[in-house]
Visitor: 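This structure is in structure tokens; I'll ask about it shortly.
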Amino acid sequence: MEISPHLIQFTDDGSHSILATNFDALFHSQHGAIQESEVVFIQAGLAEIATKITEIRILEMGFGSGLNVFLSYLYAINHQLTLHYTALEAYPLAKETALQLNYPQILQAEQKQNIWQSIHQSSWNVWSDIEKNVLRLKKWQTFLQETHFPETYDLVYYDAFAPSCQPELWEQSIFEKIYRQLNEGGILCTYCSKGEVRRNMQRAGFKVEKLPGPKGKREILRARKEQ
């Protein structure tokens, strides 16, 4: 099943988002798609784990528009990182819609338009070398509940739709599953700071901290796997 096309919208920082009609929800914050992802996933997640390791295995729950992959790639080339990036997505966005999104232009990364295109044109369910020694990507069309992971990860971008849309993806059992797949010292980041979500993470074994959120959001969560 694909998200319906023709539903590109502008957010407050000028970057696009997508309205997913089957969930009646935006992929990204109306206050700014890019600024939200930068704060929640790059600053709180990738920049933090990159202080410890330079070859990083990332798991993203919710490939969506591909914005988090592209931002991670741009960070990696500026910080000499190698990313092995697995992105789960049950409802892929139509490729034709994704390629209309304006992230390379807003990020002043037009010279990397070929990377943006490769991210979306790469095949599903197999590994693709988007750029050698920088980004290896596997877009995996699957439901998280049904996924059996063949490897472990250093960093998780948890970018599922909100608990009001997909409550089953914010339960304790889901975080227990992710906890098992994280390497020691691994990090999970998410925009959702609801009390029950935080408690479910803690019950799953995570050490959870609140961080300042992006514009329009007071707090976000960063969870660690620690002994």
Side-chain angles (χ1 to χ4, degrees), residues 13 15 27-29 31-89 103 107 109 119 130 134-140 144 149 151-162 169-170 174-175 177-194 197-198 200-202 204-226:
D13 66 3
S15 58
F27 277 29
H28 305 287
S29 169
H31 294 283
I34 288 175
Q35 63 93 27
E36 176 191 40
S37 288
E38 285 276 12
V39 171
V40 178
F41 301 112
I42 306 304
Q43 295 175 21
L46 185 55
E48 177 73 9
I49 205 76
T51 64
K52 301 176 177 64
I53 55 176
T54 58
E55 186 164 348
I56 303 169
R57 295 190 178 275
I58 299 176
L59 173 67
E60 180 179 13
M61 176 52 209
F63 172 73
S65 67
L67 174 58
N68 293 334
V69 180
F70 192 58
L71 288 173
S72 298
Y73 164 80
L74 294 176
Y75 190 89
I77 60 175
N78 288 323
H79 295 83
Q80 294 76 56
L81 304 177
T82 299
L83 307 182
H84 305 272
Y85 197 118
T86 301
L88 307 187
E89 181 57 67
Y103 304 136
L107 289 162
I119 287 169
I130 304 300
V134 180
L135 177 60
R136 185 169 176 252
L137 173 66
K138 181 180 181 180
K139 300 182 301 188
W140 195 353
L144 175 58
F149 295 101
E151 58 186 342
T152 57
Y153 304 95
D154 305 300
L155 175 62
V156 175
Y157 296 161
Y158 205 79
D159 202 15
F161 287 120
L169 293 179
W170 301 88
I174 290 292
F175 292 118
K177 182 173 187 173
I178 293 173
Y179 186 89
R180 290 193 295 269
Q181 296 305 131
L182 266 178
N183 295 321
E184 190 68 27
I187 291 173
L188 180 153
C189 295
T190 186
Y191 65 89
C192 182
S193 61
K194 289 183 177 295
V197 169
R198 177 173 51 83
N200 283 341
M201 290 180 180
Q202 291 170 329
F206 284 103
K207 180 181 179 181
V208 184
E209 58 184 321
K210 298 178 182 179
L211 300 175
K215 182 181 178 182
K217 189 159 189 62
R218 189 164 61 92
E219 296 174 336
I220 62 173
L221 296 181
R222 180 167 64 195
R224 298 178 188 267
K225 181 176 182 176
E226 296 179 351

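One is the number of the first residue; the rest follow in order along the sequence. These figures come from a predicted structure and were not determined experimentally. Atom set for the values below is all heavy atoms of this structure, side chains included, hydrogens, waters and symmetry mates excluded.
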Visitor: Roughly how far apart are I49 CD1 and T54 OG1, rounded to 0.5 Å?
Guide: 11.5 Å
Visitor: Decide yes or no for V69 and L135: does some side-chain heavy atom of the first lie under 4.5 Å from some side-chain heavy atom of the second?
Guide: yes
Visitor: May I ask you to check whether F63 and W140 place their ring centers less than 6.0 Å from one another?
Guide: no
Visitor: Do you know which two heavy atoms are closest between E89 and G62, and how far apart they sit?
Guide: OE1-C, 3.7 Å
Visitor: Just wondering, more than 12 heavy atoms not from K194 lying within 6.0 Å of its NZ?
Guide: no
Visitor: Looking at E48 and R224, is any side-chain nitrogen of the basic one under 4.0 Å from a carboxylate oxygen of the acidic one?
Guide: yes
Visitor: Counting distance only, does the side-chain N/O of S29 pair as donor-acceptor with the main-chain N or O of E36 below 3.5 Å?
Guide: no
Visitor: Please give me the minimum heavy-atom distance between A162 and Y191, naming the atom from each residue.
Guide: N-OH, 3.1 Å
Visitor: Given I58, which partner from the list D154, V156, L155 fulfils the side chain to side chain contact (heavy atoms under 4.5 Å, CB included) test?
Guide: L155
Visitor: Report yes if the side chains of F149 and K177 come closer than 4.5 Å at any heavy-atom pair, otherwise no.
Guide: yes
Visitor: Using every non-hydrogen atom in the two residues, find where G45 and C189 come nearest and quote the distance to one decimal.
Guide: CA-SG, 3.5 Å
Visitor: For the residue pair S37 and L71, what are the closest heavy atoms and their distance?
Guide: CB-CD1, 3.5 Å
Visitor: Rounded to the nearest 0.5 Å, how far does OG1 of T51 lie from CG of L46?
Guide: 10.5 Å
Visitor: Quick one: do T152 and R57 satisfy side chain to side chain contact (heavy atoms under 4.5 Å, CB included)? Show the steps, please.
Guide: CA-CA 8 Å; T152 57; R57 295 190 178 275; 5.7 Å; no
Visitor: Relative to the ring of F175, is the ring of Y158 parallel (under 30°), tilted (30 to 60°) or perpendicular (over 60°)?
Guide: tilted
Visitor: Show the numbers, then the answer: is there a side chain to side chain contact (heavy atoms under 4.5 Å, CB included) between M61 and L169?
Guide: CA-CA 10 Å; M61 176 52 209; L169 293 179; 3.7 Å; yes
Visitor: Kindly determine whether D159 and E60 satisfy side chain to side chain contact (heavy atoms under 4.5 Å, CB included), including the steps that lead there.
Guide: CA-CA 7 Å; D159 202 15; E60 180 179 13; 4.2 Å; yes
Visitor: Do R198 and K210 have side chains that approach each other closer than 4.5 Å (heavy atoms only, starting at C-beta)?
Guide: yes
Visitor: Rounded to the nearest 0.5 Å, what's the gap from CE on M201 to CD on E209? Could you check?
Guide: 11.5 Å
Visitor: Can you confirm whether I42 sits close enough to S72 that some side-chain heavy atom of one is under 4.5 Å from a side-chain heavy atom of the other?
Guide: yes
Visitor: Kindly assign one of parallel, tilted or perpendicular to the pair F70 and Y73, based on the angle between their ring planes and the thresholds 30° and 60°.
Guide: parallel
Visitor: Can you classify the ring geometry of F41 versus Y157 as parallel (below 30°), tilted (30 to 60°) or perpendicular (above 60°)?
Guide: tilted
Visitor: Going by salt bridge (charged side-chain N to carboxylate O under 4.0 Å, His left out), name the residues that satisfy it together with E55, two or more places apart in sequence or in a different chain.
Guide: none
Visitor: Among N68, I130, I56, which residue satisfies the side chain to side chain contact (heavy atoms under 4.5 Å, CB included) criterion with Y85?
Guide: N68
Visitor: Determine whether P214 and I220 make a side-chain contact, defined as any pair of heavy atoms from C-beta on separated by less than 4.5 Å.
Guide: yes
Visitor: In Å, rounded to the nearest 0.5 Å, how long is the span from CD1 of I174 to CG of N200?
Guide: 10.5 Å
Visitor: Is the side chain of K225 donor-acceptor paired with the backbone N or O of I178 at a distance under 3.5 Å, no angle test?
Guide: no
Visitor: Can you name the nearest heavy-atom pair linking A160 to W170, along with the distance?
Guide: O-CZ2, 3.7 Å
Visitor: What's the verdict on side chain to side chain donor-acceptor pair (under 3.5 Å) for D13 and Q35, showing C-alpha distance, side-chain angles and the deciding distance?
Guide: CA-CA 7 Å; D13 66 3; Q35 63 93 27; 5.6 Å; no
Visitor: To the nearest 0.5 Å, tell me how far E219 CD sits from L211 CG.
Guide: 9.0 Å
Visitor: Of all the heavy-atom pairs spanning Y179 and A204, show the shortest one and how long it is.
Guide: CG-O, 3.7 Å
Visitor: To the nearest 0.5 Å, tell me how far L59 CG sits from E151 CD.
Guide: 8.5 Å
Visitor: Go through K217 and S193 one step at a time and tell me if the side chain to side chain contact (heavy atoms under 4.5 Å, CB included) criterion holds.
Guide: CA-CA 9 Å; K217 189 159 189 62; S193 61; 4.1 Å; yes
